[in-house]
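Take a look at the structure below.
This is a predicted model, so every value here is computed, not measured. Within every chain, numbering begins at 1; the chains are lettered A, B, ... in the order of the sequence lines, protein sequences first and strands thereafter. The analysis underlying the following values was restricted to heavy atoms, covering all of them including side chains, and did not include hydrogens, waters or symmetry mates.
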2 protein chains.
Amino acid sequence: MRQTVVVFSLLILALLLLFQFSKYSLISGDLQVEYIMAFVALVFLGIGIFINKKTQKQQSASSKTLDFKRIEELGLSKREYEVLKEVASGLSNQEIAKKLFVSESTIKTHVSNLLVKLNAKRRTQAIQISKDLNII
Amino acid sequence: MRQTVVVFSLLILALLLLFQFSKYSLISGDLQVEYIMAFVALVFLGIGIFINKKTQKQQSASSKTLDFKRIEELGLSKREYEVLKEVASGLSNQEIAKKLFVSESTIKTHVSNLLVKLNAKRRTQAIQISKDLNII
DNA sequence: AGCAATTTAGTACTTTAGTATGAGTCCTCT
DNA sequence: AGAGGACTCATACTAAAGTACTAAATTGCT
């Protein structure tokens, strides 16, 4: 909210500067009104899109981009992370094994390791934690 | 993507119309360049915000409000839904039982019924399905 | 080449999860 | 009053999930 006020103040300032710019151009006769107008329109169109993107990003930023840094911090290996995603999609160990062309034992090992690293007791809890940490 | 093209075409059209408008105004001498410029800037600022809001709404509209209608459609009872939420939060049957002051048997019954209604084979799959249906 | 981490896989076992079935209680609607 | 639905609980299973090891093959890196 505070930022919006600041942004709007800056916009009004920009508008005034553009007025000055257009005035001088008209006096000097180098630029036509049409071009100035087009420039102003496009710039403010862009500014409009920009502000809106910023304000909306703050609301949903945490649920959009994956936090790859956190995956490293947790010490999750590539394969473990892969298994985690399959677990989160609701597959059983057997199904994951088939999908990744390995044995069920292997998946169990991965899941077990991954639970320790995520500090979870069950796969359902691991899913919840992973979502909170924005890694899936 | 197609809509973006259409919107941009319309904007260019609007721009040209504004040019015409400004030209005639200048000729007639009724309006000052500054006011026209301010008008154009504000209009395009609004248009920018508007397009952005529309495009972003389509992406995140489905993931905001819970779909209570769907819960009814699925035939989920109040208690089953309650259990579903606890399951999704990563708790075990025993933990849910303690939290809701009932026996583990009861939770098992609820979970079993809830899996049938959600057409899921496992609780993890139920979580995934529920999130897709926007009921949790 | 050689060390360290990763990936794979197995056995053996314990713990949860899930199914099937039956049954009692409570509440609501007709 | 009685039928039906929701909630409760139990028993007896079966099926997954998860743990605790051990160990070999593979890969990345110095």
Side-chain angles (χ1 to χ4, degrees), chain A residues 66-133 135-136, chain B residues 66-133 135-136:
Chain A
L66 293 182
D67 199 337
F68 294 109
K69 291 174 204 163
R70 192 116 44 174
I71 297 172
E72 282 184 48
E73 281 170 18
L74 291 166
L76 281 178
S77 74
K78 207 160 78 179
R79 202 58 161 170
E80 283 163 356
Y81 179 61
E82 209 167 347
V83 171
L84 173 62
K85 284 190 293 184
E86 300 298 343
V87 167
S89 80
L91 299 183
S92 70
N93 289 337
Q94 204 175 43
E95 287 169 338
I96 298 170
K98 276 185 189 168
K99 194 167 180 181
L100 301 183
F101 304 105
V102 290
S103 80
E104 197 188 333
S105 302
T106 307
I107 301 301
K108 280 191 177 186
T109 307
H110 286 321
V111 170
S112 202
N113 290 331
L114 153 173
L115 289 180
V116 173
K117 290 176 182 177
L118 284 171
N119 200 28
K121 286 176 195 157
R122 284 163 294 282
R123 49 169 60 207
T124 49
Q125 200 182 0
I127 295 173
Q128 184 54 44
I129 292 170
S130 301
K131 286 194 171 152
D132 283 347
L133 296 176
I135 59 176
I136 52 172
Chain B
L66 291 183
D67 199 338
F68 293 108
K69 291 175 205 163
R70 192 114 46 174
I71 297 172
E72 282 184 48
E73 280 169 18
L74 290 166
L76 281 178
S77 73
K78 207 160 76 178
R79 203 58 161 169
E80 282 163 356
Y81 179 62
E82 210 167 347
V83 171
L84 173 62
K85 283 190 293 183
E86 299 298 345
V87 167
S89 80
L91 300 183
S92 70
N93 290 336
Q94 204 175 43
E95 287 168 340
I96 299 170
K98 275 185 189 169
K99 194 167 181 180
L100 302 183
F101 304 105
V102 290
S103 78
E104 197 188 334
S105 302
T106 307
I107 302 300
K108 280 191 178 187
T109 307
H110 286 320
V111 171
S112 202
N113 291 332
L114 155 172
L115 289 181
V116 173
K117 289 176 183 177
L118 284 172
N119 199 29
K121 286 176 196 158
R122 285 164 294 282
R123 48 170 61 206
T124 50
Q125 201 182 358
I127 295 171
Q128 184 55 45
I129 291 171
S130 300
K131 287 197 170 152
D132 283 347
L133 295 176
I135 59 176
I136 52 172

Given D/dC7, D/dG18, C/dT7, which nucleotide is nearest the side-chain atoms of A/V111? D/dG18
When you check the phosphate oxygens OP1 and OP2 of C/dA9, does a side-chain N or O of A/T106 lie under 4.0 Å from one of them? yes
Consider only side-chain N and O atoms of B/S112 and B/T109, and report whether a donor and an acceptor are under 3.5 Å apart. no
Look at all strands and tell whether B/S105 reaches a base, only sugar-phosphate, or nothing, counting heavy atoms closer than 4.0 Å. base
Should A/K85 and A/E80 count as an ion pair when the cut-off is N to O under 4.0 Å? no
Does OP1 or OP2 of D/dT8 have a side-chain N or O of B/R79 closer than 4.0 Å? yes
Output yes when at least one side-chain N/O atom of A/H110 is less than 4.0 Å from OP1 or OP2 of C/dT8, else no. yes
Select one nucleotide: of C/dT7, C/dT8, D/dT8, the one nearest the side-chain heavy atoms of B/V102. D/dT8
Out of D/dT19, C/dA17, C/dT7, whichever nucleotide has its closest atom nearest the side chain of A/K78: C/dT7
Taking OP1 and OP2 of D/dG18, is either one under 4.0 Å from a side-chain nitrogen or oxygen of A/R123? yes
Just wondering, are more than 12 heavy atoms of other shown residues or ligands nearer than 6.0 Å to CG in A/N119? no
Quick check for you: among D/dC9, D/dG18, C/dT19, whose closest atom lies nearest to any side-chain atom of B/S103? D/dC9
Side-chain N,O (B/S112) to OP1/OP2 (C/dT19) below 4.0 Å: yes
Under 4.5 Å between any side-chain heavy atoms of B/L76 and B/I135, yes or no? yes
Among the candidates D/dA17, C/dG18, C/dT16, find the nucleotide nearest to the side-chain atoms of A/S92. D/dA17
Considering only side-chain heavy atoms of B/N93, which listed nucleotide, D/dG18, C/dG18, C/dG10, is closest? C/dG18
